[in-house]
Amino acid sequence: MSAKAPAIHDPAHWDSVSTNYAAEADRMTRRYAQAAWELAALPSGARVLDVATGAGALLVAALRDGADAVGIDFSPGMVEIAQARAAEIRPGVRALVMDGQRLDFPAASFDAAFSIFGVFMFPDPAAGFAEMARVLRPGGLAVVAVWENAGGAGPAQLFAQAAQRLFPDQPVPLPMARLFNAPGLLDAAFMEAGLQPVAVHPVSYTWPAPPVDWFREHAKLAYGWSPVWQLLDDAQRTAFAEEAAALAADLPAEGITSTALVGMARKPG
Ligand SMILES: C[S@@+](CC[C@H](N)C(=O)[O-])C[C@H]1O[C@@H](n2cnc3c(N)ncnc32)[C@H](O)[C@@H]1O
């Protein structure tokens, strides 16, 4: 099951899940995006790039705060959603279809470049970090958010546990080659790109646990983006949803706490 290239490297995969992603996953990621935006504390009017913008979580936070922001994503479906959300705040083209490993922007054109749960998914994450560094002006800020838990966040953590139980040959629930899920790993990636690490901030939120049936009934909505889900047939999907529901019965009353690492680094100069 791990021999094929993961679906996360295919823009068509993200196109096919974009509506569900905007309705479900983005509700979680936007809280971390908002935290990353606030931690960056940029001046009003800063030129901001959001790499792998998805449904525009960081892009929207930046535009709301007066930044001159643009988001890119290799999935046209995601870009359409991000552009529609951005247009409600500011006019103009604010989301573009582009590969984060080959940015179509001149060097030194942004004050800050963010990637929220994006660059670590690329087939070549080092190319993503290097491109963020290239388009930053000297002194500019790079901000990269990754999941600390290899299963992702919120309900996805529980679905990932179910996947591990049913498919123990899968090395990590998230199929990234490098997760960067420790401060030293993030710092090393920044340095490899010629950036100077500034800080890595852990950011945690607790998700109220949905009722057990929710995991059974909403497995596709909540986890359909995952390459694990994509590889299952209908019977396996039903078994997988049942496994998740069984695990959910043991969730603590307060819910699922998930931590993101928000790494920051500066371009020398
Ligand atoms: C987990 S989502 C994160 C989206 C958004 N930043 C958020 O926080 O909700 C990952 C995004 O990375 C995009 N992506 C994956 N590989 C990419 C690449 N090589 N270039 C640009 N975008 C890419 C996907 O289309 C998807 O929208």
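Here the structure is a predicted model, which is why all the values come from computation and not from measurement. Every number for a ligand or one of its atoms is a count from 1 in the order of the listing. Positions are given from 1, in the same order as the sequence printed here.
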Among all protein heavy atoms in this structure, tell me which lies nearest to [atom], with the distance rounded to 0.1 Å.
atom                    : value
atom 17 (C) of ligand 1 : Phe122 CE2, 3.2 Å
atom 10 (C) of ligand 1 : Phe117 O, 3.4 Å
atom 20 (N) of ligand 1 : Gly100 N, 2.8 Å
atom 12 (O) of ligand 1 : Ala52 CB, 3.3 Å
atom 21 (C) of ligand 1 : Phe74 N, 3.2 Å

For atom CG of Asp234, decide whether the heavy atoms of other residues, nucleotides or ligands shown that lie under 6.0 angstrom number more than 12. no
Are more than 12 heavy atoms from other residues, nucleotides or ligands located less than 6.0 Å from atom CG of Asp124?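 Enclosed.
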Contact atoms of ligand 1, heavy-atom distance to [X] under 4.0 Å:
X      : result
Met121 : 1 (C), 10 (C)
Met78  : 27 (O)
Gln101 : 19 (N)
Thr29  : 7 (C), 8 (O), 9 (O)

May I ask you to identify, for [X], whether its side chain, its backbone, both or neither come under 4.0 Å of ligand 1 on a heavy-atom basis?
X     : value
Thr53 : backbone
Asp99 : both
Met98 : backbone
Tyr21 : side chain

Among Phe122, Phe129, Phe190, find the one that has a ring-ring contact (aromatic ring centres under 6.0 Å, His included) with Phe180. Phe129
Test of proximity, Ser75 against ligand 1: N or O pairs below 3.5 Å: no
Asp50-ligand 1 polar pair, N/O distance under 3.5 Å: no
Look at the rings of His218 and Trp214 and say which category their plane angle falls in: under 30° parallel, 30 to 60° tilted, over 60° perpendicular. parallel
Hey, can you tell me if Tyr32 and Trp207 have their rings parallel, tilted or perpendicular (30° and 60° cut-offs)? tilted
Tell me whether the NZ or CZ atom of Arg31 lies within the 45° cone about the ring axis of Tyr205 and under 6.0 Å from its centre.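 Pair Arg31/Tyr205 counts as cation-pi.
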With side-chain contact (heavy atoms from CB on, under 4.5 Å) as the test, would you mind laying out the steps for Leu42 and Phe114 before giving the verdict? CA-CA 12 Å; Leu42 295 165; Phe114 290 73; 3.9 Å; yes
Please report the shortest heavy-atom distance between Ile81 and Ser18, naming the atom on each side. CD1-O, 3.5 Å
Phe110 CZ to Leu103 CG distance, which is reported to the nearest 0.5 Å: 8.0 Å
Nearest non-hydrogen contact with atom 26 (C) of ligand 1 belongs to which option: Leu59, Asp73, Ile116?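 Answer by nearest heavy atom: Asp73.
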Is it true that Asp68 and Arg94 make a salt bridge, defined as a side-chain N closer than 4.0 Å to a carboxylate O?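 The answer is yes: the pair qualifies as a salt bridge.
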